[in-house]
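All values below come from the heavy atoms of this structure, side chains included, with hydrogens, waters and symmetry mates left out. In listed order, ligands and their atoms are each counted from 1.
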Amino acid sequence: MSIANNLHKIKSSLPPQVTLIAVTKTHPVNKLQEVYDAGHKIFGENKVQELVDKYEVLPKDIQWHLIGHLQSNKVKYIAPFVSLIHSVDSLKLLQEINKQAEKNNRIINCLLQIYIAKEETKFGLSFEEAEELVASAELKALKNIKIVGFMGMATNTDRKEQISNEFKSLKTFYDKFHNVSTFNFELSNLSMGMSSDYHLAIEQGSTLVRVGSSIFGQRG
Ligand SMILES: *Cc1c(COP(=O)(O)O)cnc(C)c1O
């Protein structure tokens, strides 16, 4: 199947409240152009350098999401154009994003990445750390960021029940904030699910799915 076919098949299967992010990491620009030409304009990359390189050569109406771990010293490269950062996992990083957003005269939308997996390789805040960050005086001082949701990655396992339970735990946490709304904190996005588990994530309330290999094929 072609990339365009894969894309259309997945998009037409998603419920209306779910947005697809085409995860383009490791794939060459000509393949991204195929997705763009098929009418899709929301792309996710997990590395800053790759995101910037692709941004520079592709059409400017693409929305670029940074989905991978972000180091503070690299925020400045994406701050002029990034549309959503999924992987905020510390106050320090949020402060740097705020600083760079201010320099660019923007408000940058962010998701807090929450650690829900039973693995040591994944980044993210614990529920307790996230709650602390949300309640902190330091957050209230940040005028150029907005926290618009949470992101989480499930354990890489074949055990569907475990994956579903991990997603469910994040949805439960997300729902605790449903009537919290300030100038820089208002949740409407729950980023959960990739090629192997986005069906389960949607069942548990995901609104943003990050899908790579099911569109582009396996990464080389
Ligand atoms: C690579 C990646 C994805 C997509 O993975 P696929 O299995 O190719 O769908 C989703 N989220 C993050 C954070 C990733 O790094």
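Using modelled atom types and a 3.5 Å distance limit, the side chains of E166 and T155 yield a donor-acceptor pair. Side-chain contact annotation: Q33 with D37, donor-acceptor N/O pair under 3.5 Å present.
Those atoms of ligand 1 that come under 4.0 Å of a heavy atom in S213, given as number and element, are 6 (P), 7 (O), 8 (O), 9 (O). Of all atoms in ligand 1, numbered sequentially from 1 with element shown, those under 4.0 Å from a heavy atom of N46 are 15 (O). Close approach of ligand 1 to V211 is summarised as follows: ligand atoms under 4.0 Å from at least one heavy atom of the residue are 9 (O).
Nearest to atom 6 (P) of ligand 1 by heavy-atom distance, out of G44, S195, S191, A22, is S195. For atom 2 (C) of ligand 1, the candidate residues are K25, M194, Q113; the nearest heavy-atom contact is made by K25.
Formation of a donor-acceptor pair under 3.5 Å by the D197 side chain with backbone atoms of M194 is found in this model. Side-chain N or O atoms of H178 include one that pairs as donor or acceptor with a backbone N or O of D175 at under 3.5 Å.
Between R210 and ligand 1, an N or O atom pair is found at a separation short of 3.5 Å. Between G68 and ligand 1, no N or O atom pair is found at a separation short of 3.5 Å.
By the criterion of a heavy-atom distance under 4.0 Å, both the backbone and the side chain of I67 are placed next to ligand 1.
The aromatic rings of F81 and Y55 lie parallel to each other, with less than 30° between the two planes, well short of the 60° mark.
Within a 6.0 Å sphere centred on NZ of K146, heavy atoms belonging to other residues, nucleotides or ligands number more than 12.
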